[in-house]
Amino acid sequence: MESMREKRLRGALELELLSVGWIMTESILSAIAAYRVGSLSLSAFSVDSAVELVSGMLLVARLFIEIQSGVQMSAKHAVERWTSGFIAVCLFVLAGYIAVKSGQALRLREGPELSILGLAVAAASSVVTPWLAVQKLRYGRELDSPSLVGDAMCSFTCAYMSWTLLAVWR
């Protein structure tokens with residue numbers, strides 16, 4: 001019989017796999033849209049998704065390791081600490097990239113280029129990504145996993161990026 005922690009771990013793993021699939025799709029489609037119209041904001045959104053993808057794939061590995069080993073990885077476990085640290089680096093890279101690209105867009109006085117594909121991806125992301133972030137945050141708290149909470153923050157950042165794109169395209 002599975003313990004409550006094992007059920008939560010499997011639920012978190014399923015959520016992360018769903019998230020990785022969504023983020024991969026989002027990243028590819030926004031990169032295509034950015035390339036087609038030469039949009040700096042869409043390229044920033046695509047890179048944001050790619051960083052979130054790295055974070056998600058790392059978390060899939062971390063959850064899989066705990067499920068397979070049967071060893072509980074609390075916040076103090078070495079694998080959990082390493083994963084949390086790497087995800088923190090992903091968040092810093094993401095923040096730096098957004099700051100640089102925002103400054104570049106301001107310097108060039110460039111607004112987002114309208115793209116139907118980009119608009120569709122941002123609209124879908126504005127609904128899907130916050131839901132994923134809330135679920136990751138819930139599992140992160142239930143499992144005492146700072147790395148899962150950190151990944152939720154990456155997802156929230158992606159949601160903010162999609163809302164920003166939609167706000168400036170109106």
Side-chain angles (χ1 to χ4, degrees), residues 11-63 83-143 145-170:
L13 179 60
E14 289 170 4
L15 179 68
E16 278 300 321
L17 289 170
L18 174 68
S19 180
V20 163
W22 165 251
I23 297 163
M24 191 177 306
T25 303
E26 176 186 86
S27 182
I28 291 168
L29 292 177
S30 58
I32 291 168
Y35 177 76
R36 282 186 178 168
V37 296
S39 172
L40 193 59
S41 55
L42 276 172
S43 69
F45 185 68
S46 179
V47 170
D48 164 68
S49 298
V51 170
E52 188 184 0
L53 181 61
V54 170
S55 173
M57 290 186 334
L58 184 62
L59 203 49
V60 164
R62 177 256 178 264
L63 292 167
T83 306
S84 296
F86 195 86
I87 290 172
V89 169
C90 286
L91 279 168
F92 278 111
V93 166
L94 183 56
Y97 183 81
I98 291 168
V100 167
K101 286 300 185 180
S102 297
Q104 188 179 11
L106 283 172
R107 184 175 51 83
L108 298 173
R109 301 184 197 285
E110 180 183 284
E113 298 293 325
L114 184 58
S115 159
I116 299 302
L117 178 59
L119 186 61
V121 172
S125 182
S126 72
V127 175
V128 174
T129 309
W131 178 82
L132 289 169
V134 168
Q135 298 307 311
K136 291 175 185 184
L137 190 58
R138 180 177 60 86
Y139 276 116
R141 289 178 177 158
E142 290 173 352
L143 294 168
S145 173
S147 61
L148 194 47
V149 170
D151 190 53
M153 296 306 115
C154 285
S155 294
F156 278 124
T157 303
C158 185
Y160 294 139
M161 291 282 291
S162 65
W163 296 332
T164 301
L165 281 172
L166 291 173
V168 296
W169 273 335
R170 58 182 172 88

**Asked** Are the side chains of Ser162 and Thr129 in touch, meaning some heavy atoms are under 4.5 Å apart?
**Response** no

**Asked** Does the side chain of Ile87 reach to within under 4.5 Å of the side chain of Val54, using non-hydrogen atoms?
**Response** no

With a 3.5 Å distance limit and no angle check, can you tell me whether [X] reaches the backbone of [Y] through a side-chain donor-acceptor pair?
X: Ser49; Y: Phe45; value: yes
X: Thr25; Y: Gly21; value: yes
X: Ser30; Y: Glu26; value: yes
X: Ser147; Y: Ser84; value: no
X: Trp163; Y: Ser126; value: yes

Rounded to the nearest 0.5 Å, how far apart are [atom1] of [X] and [atom2] of [Y]?
X: Leu119; Y: Leu166; atom1: CG; atom2: CG; answer: 6.0 Å
X: Gln135; Y: Glu14; atom1: CD; atom2: CD; answer: 12.5 Å
X: Ile23; Y: Leu18; atom1: CD1; atom2: CG; answer: 9.0 Å
X: Leu59; Y: Leu17; atom1: CG; atom2: CG; answer: 10.0 Å

Mind listing the closest non-hydrogen atom pair of [X] and [Y] along with its distance?
X: Leu117; Y: Leu29; value: CD2-O, 3.6 Å
X: Tyr97; Y: Ala44; value: CE2-CA, 3.4 Å
X: Gly118; Y: Leu42; value: CA-CD2, 3.8 Å
X: Leu63; Y: Glu16; value: CD1-CG, 3.9 Å
X: Arg62; Y: Ser145; value: NE-OG, 4.0 Å
X: Leu143; Y: Ala12; value: CD1-CB, 4.0 Å

**Prompt:** Can you name the residues that form a ring pair (Phe, Tyr, Trp, His ring centres under 6.0 Å) with Trp131, not counting sequence neighbours?
**Reply:** none

**Message:** Just to verify, what does Thr83 make a side chain to side chain donor-acceptor pair (under 3.5 Å) with, not counting sequence neighbours?
**Reply:** none

Quiz: residues 148-159 side-chain donor-acceptor pairs under 3.5 angstrom, not counting sequence neighbours:
| residue | atom | partner | partner atom | Å |
| --- | --- | --- | --- | --- |
| Asp151 | OD1 | Ser55 | OG | 2.5 |
| Asp151 | OD2 | Lys136 | NZ | 2.9 |
| Ser155 | OG | Glu52 | OE2 | 2.7 |
| Ser155 | OG | Lys136 | NZ | 2.8 |
| Ser155 | OG | Asp151 | O | 3.4 |
| Thr157 | OG1 | Met153 | O | 2.9 |

